[in-house]
Amino acid sequence: MSGWAMALFKRDLRLSVRIGGSALVGVLFFLAVVTVIPFGVGPDLNLLARIGPAILWIGALLATLLGLDRLFQADREDGTLDLMMMSGRPLELVVLVKCLAHWIATGLPLVVAAPLLGVFLNLDPVSMGAVTATLLVGTPALTLIGAIGASLTVSLRRGGLLLAVLVIPLAIPVLIFGVSSADAAIHDPVPFLTPFLILCALTLIAAVVGPVASAAALRFSSD
Amino acid sequence: MSGWAMALFKRDLRLSVRIGGSALVGVLFFLAVVTVIPFGVGPDLNLLARIGPAILWIGALLATLLGLDRLFQADREDGTLDLMMMSGRPLELVVLVKCLAHWIATGLPLVVAAPLLGVFLNLDPVSMGAVTATLLVGTPALTLIGAIGASLTVSLRRGGLLLAVLVIPLAIPVLIFGVSSADAAIHDPVPFLTPFLILCALTLIAAVVGPVASAAALRFSSD
Amino acid sequence: MDLGPHSGFIIASYALCILTVLALVAWVRIDKLVQDRALKELADQGIVRNRPDTPKQ
Amino acid sequence: MRSGFLKLVAENLTIDRGGRRVFQDLSFAVERGEALVVTGANGIGKSSLLRTLAGLVPLAAGTLRLDGGLPDLLPQEQAHYFGHQDAVKPALSVSENLQFWQSFAAPCEPDGFDGGRYTPGEALETLGIGHTAHLPAAYLSAGQRRRLSLSRLLITPRPIWLMDEPTSALDKASEQQLLGLMNTHLDNGGVVVTATHTDLALNQIRTLHLQAGDPGKLLQEEAMS
Amino acid sequence: MRSGFLKLVAENLTIDRGGRRVFQDLSFAVERGEALVVTGANGIGKSSLLRTLAGLVPLAAGTLRLDGGLPDLLPQEQAHYFGHQDAVKPALSVSENLQFWQSFAAPCEPDGFDGGRYTPGEALETLGIGHTAHLPAAYLSAGQRRRLSLSRLLITPRPIWLMDEPTSALDKASEQQLLGLMNTHLDNGGVVVTATHTDLALNQIRTLHLQAGDPGKLLQEEAMS
Amino acid sequence: MAFWDYANPTRFLRLVQIVLPWLVGLCVITFAVGLYMSFQAPEDYQQGQTIRIMYIHVPAAWLCMMCYTVMSLSSIGTLVWKHPLADVSAKSAAPIGAAFTFMALLTGSLWGKPMWGTYWVWDARLTSVLVLLIMYLGLMTLWRTMDDPIKAGKAAAVLTLVGALNLPIIKFSVDWWNTLHQPASVVRLDGPTIHPDQLWPLLVMAIAFTLLFLVLHLMAMRNEILRRRVRALRMRAASASHPGTAAATAQPAE
Ligand code: HEM
Ligand SMILES: Nc1ncnc2c1ncn2[C@@H]1O[C@H](COP(=O)(O)OP(=O)(O)OP(=O)(O)O)[C@@H](O)[C@H]1O
Ligand SMILES: Nc1ncnc2c1ncn2[C@@H]1O[C@H](COP(=O)(O)OP(=O)(O)OP(=O)(O)O)[C@@H](O)[C@H]1O
Ligand SMILES: [Mg+2]
Ligand SMILES: [Mg+2]
């Protein structure tokens with residue numbers, strides 16, 4: 001990473017860590033969603049084990065998307081975003097670096113927390129490993145796709161919910177392949193690798209489409 | 001309602017309707033969550049019907065809580081909240097009226113949408129009716145309890161997720177009795193009325209505790 | 001005309017579709033009325049467009 | 001100088017903000033018809049003082065009372081606060097904004113103070129934005145929004161006006177108009193407390209100059225004109 | 001007056017904001033060593049003009065170029081923007097804030113402009129907030145934050161300074177210091193474009209007074225010494 | 001006259017004024033004929049009378065996809081050519097598209113109950129239509145939430161185009177996920193497989209639906225242009241009486 005990108009990366013990471021532990025809030029939300037579902041569904045352990053990977057994925061999806069609203073908003077509100085656009089650095093890369101830092105601060109903790117939460121859901125070690133692996137590969141895609149929503153709603157105060165609504169349709173393929181490769185790992189006959197590779201491909205696509213669309217939206221929103 | 005309360009109520013309702021249809025965003029999020037869950041859980045209609053009431057309740061819980069972050073924040077950011085505290089009106093009542101307006105604008109549409117979403121989850125008419133009835137009685141409690149979170153996070157920009165994390169533990173009793181009375185209506189042997197009455201009681205308690213705690217938090221946050 | 005055992009579904013789908021279309025028509029018509037009224041209100045205050053033929057932007 | 005009964009008295013005010021003492025043992029009194037102009041360098045505590053008078057920042061020590069006001073109301077319930085934020089809702093029309101505040105804020109007219117009692121329409125006309133009454137407030141320019149915010153002070157009579165840099169972001173013409181309104185309020189028997197960086201042409205001025213000093217004491221009070 | 005090559009040229013600028021035309025066919029040029037002071041009533045479009053020069057508001061028509069600048073950079077990439085917002089992160093320390101901007105913003109020193117090249121430490125010292133370097137920026141008062149924001153302009157040399165009401169919220173002493181810095185920048189061969197409601201004591205001033213008028217003709221430009 | 005000359009909203013309004021009555025008439029006639037034909041058509045040997053639902057279900061389903069195509073093309077117009085009518089077109093197409101999607105879902109579910117025994121299954125095609133509905137509604141919300149129409153148009157254009165990329169992905173991934181719905185039988189490489197007695201009413205109804213879309217779209221676009229005029233004029237009204245605080249030229253951009 002060149003100097004400016006590294007500086008940006010470090011700054012964003014520092015901010016995430018220092019400001020009220022965004023990471024913590026994300027993980028707590030994940031935890032809250034995952035614990036609330038058994039209260040609704042009932043304490044049937046077989047059922048929970050069966051829908052466990054789905055619960056973890058849906059929890060991670062919501063936690064990621066709902067935590068993204070401040071990705072650009074904070075920078076916009078204090079004028080930093082304006083200066084970034086004048087900085088002479090390619091905005092697409094700026095977005096990519098910010099997404100990376102954001103994912104490390106908030107996505108990675110979710111991935112780390114997933115196996116622990118898996119215990120609550122009565123997941124066996126294989127499924128736990130599979131879900132964690134798919135989350136590791138898939139959550140970056142969620143962050144990158146979510147960045148599009150974040151830049152579309154950057155000027156709106158009430159971002160969170162709207163962002164999720166806009167982005168969920170875009171994130172559905174990621175969810176499908178995430179859950180289906182986790183399921184594939186559990187039910188032996190189906191091959192694990194095919195959906196997993198598709199998931200990887202989706203993440204790579206998102207790494208291109210996300211920053212490009214997001215930078216375009218940010219440019220249009222400047223005013 | 002006395003004159004000032006009516007004025008406040010009308011104003012808040014007008015604002016919710018005019019500002020980008022907050023109601024619409026909440027319902028859309030509800031729809032999106034309910035749609036996303038089968039992608040995770042799988043398309044098994046029996047399973048979906050079984051966990052249907054839970055899905056609807058969890059969707060409504062999240063939509064309500066995540067939509068609450070602007071309940072006081074908008075008023076705080078533009079200085080309205082300061083003036084409200086100087087207005088010579090009891091802050092508890094102000095909070096209550098605001099919650100009422102907010103529930104009508106965003107909670108009621110969720111209740112109305114619930115039966116439609118029930119179709120996607122293969123709910124039979126009885127469960128649909130039961131879930132809708134429990135939501136009608138229970139969502140006001142969610143709004144009122146959420147108001148506490150909203151006033152605790154009023155000065156924090158990154159409200160949505162944090163609010164949900166703070167409030168979900170408080171809202172779990174509502175969720176439990178909501179889902180269990182909906183389930184009771186479906187599986188005949190268990191009486192429907194007992195959990196339903198408890199749910200009503202919870203709403204009444206929330207109508208007292210919510211505004212009082214919320215007003216206290218708002219007073220402390222003024223600065 | 002006999003629509004068979006499922007006539008309810010057929011009639012319901014036609015009826016609901018017609019309702020939806022009517023709602024759409026009502027939406028455009030009412031919207032038009034609202035905008036026309038607003039324009040007229042502004043015109044009464046003497047505020048009219050002064051560049052009737054220049055393209056926007 | 002007309003001397004009346006209404007009197008805002010602050011005794012030994014001490015304020016902490018963000019865990020830091022902003023000022024300590026500040027005492028002053030302002031009578032009806034008088035304007036207290038608070039001056040001082042950046043960050044010295046002018047806004048904090050005004051927000052304290054408005055009851056928005058809690059007192060760490062000291063007392064604040066309004067002699068001659070309505071006894072069952074707190075001082076801040078008899079005051080208007082006009083600060084940096086406009087409390088204008090862009091989605092409501094100008095008159096909806098104003099009507100809300102008229103119905104919502106309790107008026108207060110103690111003896112010896114005559115609030116004027118403008119209707120919303122009159123207030124908007126007075127401030128020169130009557131023609132915008134039916135437009136959404138979103139269409140107002142910054143200056144017009146500020147005037148809309150100001151008209152709040154005219155429709156609900158309250159004897160004390162707390163104004164934090166009231167002329168900021170106003171051009172010269174609007175500034176004159178504002179000073180006129182403040183002088184009228186003083187003539188009606190009201191009290192004005194205002195923080196400012198510029199000189200204001202008000203009738204009865206007392207200046208409170210805050211300045212950094214020993215932790216203990218930091219004010220000079222002088223009566224002018 | 002030193003005359004150099006560097007020249008910011010705006011031709012027939014037209015700006016729409018929020019679907020409304022703010023101004024039309026505005027042309028001017030500022031050379032190195034010159035300050036263009038933009039004045040006018042509230043809401044007339046001063047800030048909009050500066051934001052246009054900063055590339056933040058899209059042009060509806062017209063062109064903007066920097067003669068004598070680096071050819072492969074856009075004009076806004078050779079400019080600093082100092083507006084109402086401070087771009088200060090309260091959670092970072094003062095020097096972390098500054099170091100980030102030093103690494104992030106690309107410097108630009110075209111011929112005939114000497115940027116000075118302060119280190120972050122020197123810049124903070126120059127602005128009198130050196131002692132706060134290791135404090136979180138959250139502890140700064142409004143005026144100190146503004147000075148921190150200003151030090152950004154010193155550490156990354158760029159020839160054009162776009163300053164929107166730079167003296168707002170500053171007390172008298174800080175204002176003098178700011179004017180000194182602006183004059184130094186002009187002497188170094190830079191360009192300053194600033195919007196203001198007050199008079200600024202700068203060396204080489206050209207005034208651009210915006211005022212409402214017939215579409216088309218709306219500006220008086222006068223060169224003052 | 002080149003199409004480009006209609007770029008001007010005023011001229012576009014004039015054109016609408018002329019074309020609209022004819023279109024409305026044509027639309028009503030086609031609907032009359034189409035509805036008549038669809039109730040005259042013989043019943044299906046498999047699906048019985050419920051085949052009549054097809055004559056509204058399939059056109060609505062086609063139209064909801066076409067509408068998104070129109071929006072995507074308009075979005076390209078907004079972003080690439082900055083065509084002044086493009087975002088007006090995209091914005092006014094969204095509610096219509098949402099309504100058609102709703103109709104397709106509605107008729108499909110009502111057809112599903114007698115055919116499949118349930119109103120809804122999480123099948124590939126059904127689910128992707130549901131996702132399309134969410135996308136329409138999301139776009140509409142985005143438009144409503146941003147008050148500056150120009151900025152809203154650009155933001156929505158970005159989202160529309162990303163969504164357009166996403167739709168085929170959803171279609172394929174969901175296909176992979178679960179399938180139950182009918183395979184294509186009209187638009188096929190080897191020619192339609194359904195009986196001509198059923199095909200004709202279907203085609204007439206499809207034309208009628210397309211005309212309906214055109215009529216509604218033109219009317220909605222006209223409303224949108226008027227709405228922007230009102231907005232511009234109101235902004236001018238806000239400043240008109242006070243040149244001192246007015247912008248330099250108080251001219252509407254619209
Ligand atoms: C809510 C449920 C349904 C939805 C959302 C839906 C959606 C669609 C869509 C999008 C198309 C157009 C596909 C294309 O042309 O590529 C279509 C066509 C069609 N649908 Fe459905 N459908 C639903 C239920 C049903 C049911 C229950 C039936 C009958 C059993 C049915 C029968 C058909 C037929 C015959 C076509 C025409 C296929 C062709 O010729 O291409 N649909 N539907
Ligand atoms: N919300 C707050 N929380 C904590 N501390 C604050 C807050 N607002 C201000 N302060 C601190 O209180 C002190 C006084 O600030 P205040 O805003 O009252 O100054 P001021 O005199 O109004 O300055 P200015 O001329 O810049 O308006 C400053 O040291 C500031 O850092
Ligand atoms: N973000 C925005 N979106 C839409 N319109 C805007 C925006 N900002 C300003 N305007 C409009 O553009 C016009 C010019 O505003 P601008 O802020 O440039 O004025 P100004 O001359 O800087 O005024 P002031 O002296 O109050 O700073 C005003 O009519 C304003 O309503
Ligand atoms: Mg202050
Ligand atoms: Mg300005």
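Proteins get letters first, then strands, A, B, ... in listed order; numbering begins at 1 in each.
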Over 12 foreign heavy atoms within 6.0 Å of CG, D:D114: yes
Residues in residues 86-100 of chain D near chain B [non-hydrogen atoms, under 4.5 Å]: D:D86, D:A87, D:V88, D:K89, D:A91, D:L92, D:S93, D:E96, D:F100
D:H84, part contacting chain B, at a heavy-atom distance under 4.5 Å: neither
Approximate separation, where rounding is to 0.5 Å, of B:L83 CG and D:R152 CZ: 4.5 Å
Distance, nearest 0.5 Å, that separates CE of B:M6 from CZ of D:F104: 14.0 Å
Atom pair CG/CD of B:D75 and D:Q85 - distance to nearest 0.5 Å: 11.0 Å
Value rounded to 0.5 Å, distance of NE2 in D:H80 from OG in B:S87: 11.0 Å
Contact listing (chain B partner; residues 62-74 of chain D; heavy atom under 4.5 Å): none
